[in-house]
Student: 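Questions regarding the structure given below will be posed in turn.
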Amino acid sequence: MIDGIAPTLRDIDYLAPTAPYPAIPSGLTVHQDSIYRYSIPTDEQPVLLIEDYISDHNGNYINPGYYQLALSDDREFLYLIESKNLIAIIPVFKIAENKTELNKLYKSNKEPTRKEKKQLKKEKKQAKIQEIINRKYAQTGATLPQKYIHMEATIEYIQEGGYYLIMYEKGYIRAWGAIKR
């Protein structure tokens, strides 16, 4: 102090309190990202390889590369996703489901046959074994290995109609979409 006059000090309280490493560096919360806005259930989606540029009449284009292809919950659209960013929404014009798999999911109330009874008994035994395995994994804190689900995505150019045909397959669901060129 000079002659009783205090120097002006900057008060650092004017700054908002910040963490050294913020939980959300981009400022977006989890559900503001496009993959969550359009309700993609998991990150486990088939991978689609696009080898050529796909352009439309407005000058927009999709770059060649690897993309995730996801089916919407209402099964009306295919989502083309690159690094959790939505690139394109493709309408689905045909969808097919394996009927035997659907029957397993939505069992009817009819009396099971002898063969079905044996299968149910075997499934119950496997469920008990799986329950024991799950408990052991839970005790050790290890993660369960994922079940394999067949996934495939393909794209091909149809010369006659001038469009790209996209086929999506995951588990027992198949869907076809098209991108008009």
Student: When you compare the side chain of His150 with that of Glu152, does any pair of heavy atoms fall below 4.5 Å?
Tutor: yes
Student: Is there a side-chain contact between Glu82 and Ile87 in this structure, where contact means two heavy atoms from C-beta onward sitting under 4.5 Å apart?
Tutor: yes
Student: Testing the basics here: between Pro91 and Ile89, what is the closest heavy-atom pair and its distance to 0.1 Å?
Tutor: CD-O, 3.9 Å
Student: Does the Lys170 side chain pair with the main chain of Glu44, one donor and one acceptor, at a distance under 3.5 Å?
Tutor: yes
Student: Are side-chain heavy atoms of Trp176 and Ile166 found at a separation under 4.5 Å?
Tutor: no
Student: Within a radius of less than 6.0 Å around OH of Tyr61, do more than 12 heavy atoms belonging to other residues, nucleotides or ligands occur?
Tutor: no
Student: To the nearest 0.5 Å, tell me how far Leu165 CG sits from Tyr157 OH.
Tutor: 12.5 Å
Student: Give, for atom OH of Tyr66 and atom CD1 of Ile50, the distance between the pair rounded to the nearest 0.5 Å.
Tutor: 11.5 Å
Student: Quick one, Leu49 and Ile155 - any side-chain contact, counting heavy atoms below 4.5 Å?
Tutor: no
Student: Applying the 4.5 Å side-chain criterion to the ILVMFWY set and letting contacts propagate, would Leu80 and Ile54 be lumped into a single cluster?
Tutor: yes
Student: Using a strict threshold of under 4.0 Å (side-chain N to carboxylate O), is an ion pair present between Glu97 and Arg75?
Tutor: yes
Student: Counting only heavy atoms not in Gln159, do more than 12 fall under 6.0 Å of its CD?
Tutor: no
Student: May I have the step-by-step check of side-chain contact (heavy atoms from CB on, under 4.5 Å) for Phe77 and Ile90, ending in yes or no?
Tutor: CA-CA 5 Å; Phe77 297 103; Ile90 304 159; over 6 Å; no
Student: Please check this pair: side chain of Lys136 against backbone of Glu131, looking for a donor-acceptor N/O pair closer than 3.5 Å.
Tutor: no
Student: Between atom CD of Gln130 and atom OH of Tyr137, what is the distance when rounded to the nearest 0.5 Å?
Tutor: 9.0 Å
Student: Look up atom CE in Met151 and atom CD1 in Ile173, then write down how far apart they are to the nearest 0.5 Å.
Tutor: 13.0 Å
Student: Could you state the interatomic distance from CG (Leu78) to CG (Leu69), rounded to the nearest 0.5 Å?
Tutor: 5.0 Å
Student: Kindly compute the distance separating CD (Gln68) from CG (Leu48), expressed to the nearest 0.5 Å.
Tutor: 11.0 Å
Student: Would you mind reporting whether Tyr163 and Ile179 have side-chain heavy atoms less than 4.5 Å apart?
Tutor: no
Student: Side chains of Ser83 and Asn85: donor-acceptor distance under 3.5 Å anywhere?
Tutor: no
Student: Tell me, do Ile62 and Tyr67 make a side-chain contact under 4.5 Å, heavy atoms counted?
Tutor: yes
Student: For residues Gly161 and Lys180, report the shortest heavy-atom separation together with the two atoms involved.
Tutor: O-NZ, 2.8 Å
Student: Tell me if a side-chain donor or acceptor on Ser55 pairs with a main-chain N or O of Gly59 at a distance below 3.5 Å.
Tutor: no
Student: Yes or no on side-chain contact (heavy atoms from CB on, under 4.5 Å) for Thr154 and Met167, after CA distance, side-chain angles and deciding distance?
Tutor: CA-CA 5 Å; Thr154 59; Met167 194 273 296; 3.4 Å; yes
Student: Taking the side chain as every heavy atom from C-beta outward, state whether Tyr168 and Gln45 have any pair of such atoms under 4.5 Å apart.
Tutor: yes
Student: Please check: side-chain N/O of Asn58 versus main-chain N/O of Asn60, any donor-acceptor pairing under 3.5 Å?
Tutor: no
